[in-house]
2 protein chains.
Amino acid sequence: MTRRDPEGRRQAIIDAAGRVIAREGVGGLTHRKAAAEAGVPLGATTYYFTGLSELITAAFEDTAGASRELLAALGEALAASADPPAELARRTRAYLAEPERFRTANELYLAAAHRPELRPLARLWTDGLTDVLTPYAGAARARTIAVFLDGVLLRTLITGTPPDEPPLADALTALMRR
Amino acid sequence: MTRRDPEGRRQAIIDAAGRVIAREGVGGLTHRKAAAEAGVPLGATTYYFTGLSELITAAFEDTAGASRELLAALGEALAASADPPAELARRTRAYLAEPERFRTANELYLAAAHRPELRPLARLWTDGLTDVLTPYAGAARARTIAVFLDGVLLRTLITGTPPDEPPLADALTALMRR
DNA sequence: TCCGTACTAGTACGAACGTACAGGAATGCC
DNA sequence: GGCATTCCTGTACGTTCGTACTAGTACGGA
């Protein structure tokens with residue numbers, strides 16, 4: 001690690017930014033905090049990222065990979081399940097019950113409300129989720145369910161408590177029924 | 001207005017804070033911006049509000065009154081309507097189509113995700129909406145619909161576009177059916 | 001081996017911030 | 001009229017921030 005490793009350094013800064021965002025929110029991210037968290041001098045963060053919003057965008061892009069995997073796993077699980085709404089409810093709850101693991105992605109998604117430059121990235125999640133749900137509910141209802149899950153996310157962030165599974169399954173069943 | 005009017009001055013600062021929040025978000029609110037917007041010296045904002053979070057809380061409390069009126073109007077409209085889900089969809093869309101009018105309340109509601117001290121105030125809206133919906137959907141489904149409407153709000157803030165009414169009415173009808 | 005390029009690190013600057021405070025002005029009470 | 005209280009205002013302090021910049025260091029191709 002003593003060798004020069006620009007790529008690894010850049011990634012280390014992005015990872016550090018993600019941890020800071022998880023801890024203090026997007027608004028709490030600064031060049032200095034990211035640098036301290038990554039264990040690099042302040043100059044390094046401004047060298048690799050022209051402005052702060054570029055670092056935020058990079059952190060968001062970094063979560064997109066994890067989101068894609070999550071959606072792929074969800075798609076497979078739904079296909080294999082005899083009761084897709086219940087399976088979706090189960091996985092949604094599991095997702096939201098691990099705040100520390102997905103907090104970065106959630107914070108960034110929420111931040112898109114204030115930062116138009118993050119909107120295209122937010123759409124990646126939004127549209128991906130809709131696509132996964134379409135086979136089970138049709139395109140229109142799939143969009144609706146994705147909106148509903150946005151609400152579940154927001155409510156979880158506001159109350160600090162993940163949703164109960166039964167009402168979740170009930171709602172998803174109602175929305176998936178054609 | 002040349003007379004001394006502490007009460008009015010305090011209220012003027014709160015109103016100014018609301019406008020700043022609507023324009024730049026809760027994170028963009030500072031003592032100085034609120035003072036400039038209200039046309040009072042910086043010292044005035046620190047005289048009436050010990051800390052910044054106290055000013056934010058006051059601004060949020062100020063929107064609670066408007067929210068109560070909105071919920072009361074919604075309750076009456078639903079009671080008088082032959083098609084409550086459609087009526088709810090219509091009013092939800094109308095609400096979200098006026099971003100400048102409700103932006104302050106929405107920003108503050110969203111900010112509760114990061115500021116635990118705002119959570120009790122957020123619950124006022126959440127619980128009030130659930131109560132209004134309970135007669136038409138039962139307690140459990142009313143909670144679910146309130147969560148769904150949170151999602152509609154978040155999605156509107158992220159995309160910058162209010163929802164279409166037909167899919168909204170479709171979703172609400174499905175969720176209200178017992 | 002040399003040299004241009006890419007990287008590193010520390011520092012500096014101006015701006016904005018929260019907050020405190022000291023002193024002046026108006027008000028209400030006796 | 002005198003006085004305590006409340007209200008008002010301007011300024012100052014210390015902190016943190018984004019960003020820029022300079023000088024130095026490792027690397028990789030000629």
Side-chain angles (χ1 to χ4, degrees), chain A residues 1-62 107-108 111 114-118, chain B residues 1-62 107-108 111 114-118:
Chain A
M1 190 53 94
T2 53
R3 267 195 70 250
R4 279 200 173 186
D5 183 11
E7 210 66 31
R9 218 160 138 92
R10 188 188 146 91
Q11 189 60 46
I13 293 171
I14 292 175
D15 293 346
R19 289 193 298 274
V20 173
I21 288 172
R23 203 189 313 130
E24 313 186 30
V26 172
L29 179 68
T30 68
H31 277 138
R32 286 172 173 82
K33 282 181 194 165
E37 176 76 26
V40 302
L42 172 60
T45 70
T46 73
Y47 176 78
Y48 284 101
F49 303 94
T50 309
L52 198 54
S53 84
E54 197 175 315
L55 176 53
I56 293 171
T57 303
F60 204 165
E61 277 166 355
D62 204 57
E107 290 287 339
L108 287 163
H114 285 295
R115 301 174 175 267
E117 75 267 23
L118 298 183
Chain B
M1 193 51 96
T2 54
R3 267 194 71 247
R4 279 199 171 185
D5 182 12
E7 210 65 30
R9 219 162 140 89
R10 188 187 147 91
Q11 189 59 45
I13 293 171
I14 293 175
D15 292 346
R19 290 193 296 274
V20 173
I21 289 171
R23 203 188 314 130
E24 312 185 32
V26 172
L29 179 67
T30 68
H31 276 139
R32 284 171 174 81
K33 282 182 194 164
E37 176 77 25
V40 301
L42 170 61
T45 69
T46 73
Y47 176 77
Y48 285 102
F49 302 94
T50 308
L52 198 54
S53 83
E54 196 176 315
L55 176 53
I56 294 171
T57 303
F60 204 166
E61 278 167 355
D62 204 56
E107 290 288 338
L108 286 163
H114 284 296
R115 300 174 176 267
E117 75 268 22
L118 298 183

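In what follows, chains are A, B, ... by sequence order, proteins preceding strands, each numbered from 1. Just so it is clear, the model here is predicted, and its values are computed rather than measured.
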- d(CZ, B:Arg10; P, D:dT6) in whole Å: 16 Å
- Message: Tell me whether the side-chain N/O atoms of A:Tyr47 come closer than 4.0 Å to OP1 or OP2 in C:dT8.
- Response: no
- Message: Rounded to the nearest 0.5 Å, what separates atom CG in B:Leu55 from atom CD1 in B:Ile21?
- Response: 7.0 Å
- Where along residues 53-60 of chain B does a heavy atom fall under 4.0 Å from DNA chain D? none
- Task: Mind calculating the distance between CG (A:Leu52) and P (C:dA16) to the nearest angstrom?
- Result: 17 Å
- side-chain contact (heavy atoms from CB on, under 4.5 Å) filter on B:Ala16, not counting sequence neighbours, yields B:Arg19, B:Glu37, B:Ala38
- Looking at residues at least two apart in the chain, or sitting in another chain, which of them share a side-chain contact (heavy atoms from CB on, under 4.5 Å) with A:Ala35? A:Val40, A:Thr45
- Message: Ignoring hydrogens, what is the shortest heavy-atom contact between A:Lys33 and A:Gly28? Give both atom names and the distance.
- Response: NZ-O, 3.0 Å
- Intermediate values then yes/no, side chain to side chain contact (heavy atoms under 4.5 Å, CB included), A:Val26 and A:Arg115: CA-CA 10 Å; A:Val26 172; A:Arg115 301 174 175 267; 3.8 Å; yes
- Task: Measure from CG on A:Asp5 to P on D:dG28 and round the result to the nearest Å.
- Result: 12 Å
- Touch class at under 4.0 angstrom, heavy-atom based, for B:Phe49 against every strand present: nothing
- Message: Looking at C:dC7, I'd like to know if its phosphate oxygens (OP1 or OP2) sit under 4.0 Å from a side-chain N or O belonging to A:Arg9.
- Response: no
- Near DNA chain D, under 4.0 Å by heavy atom, which residues of residues 28-46 of chain B? B:Arg32, B:Pro41, B:Leu42, B:Gly43, B:Ala44
- Item | Partners passing side-chain contact (heavy atoms from CB on, under 4.5 Å) against B:Thr46 (at least two apart in sequence or in another chain) | B:His31
- Residue pairs passing the salt bridge (charged side-chain N to carboxylate O under 4.0 Å, His left out) test with at least one member in residues 49-58 of chain A, sequence neighbours excluded, are none
- Minimal heavy-atom distance between B:Phe49 and B:Ala58, with the atoms involved, is CE2-CB, 3.8 Å
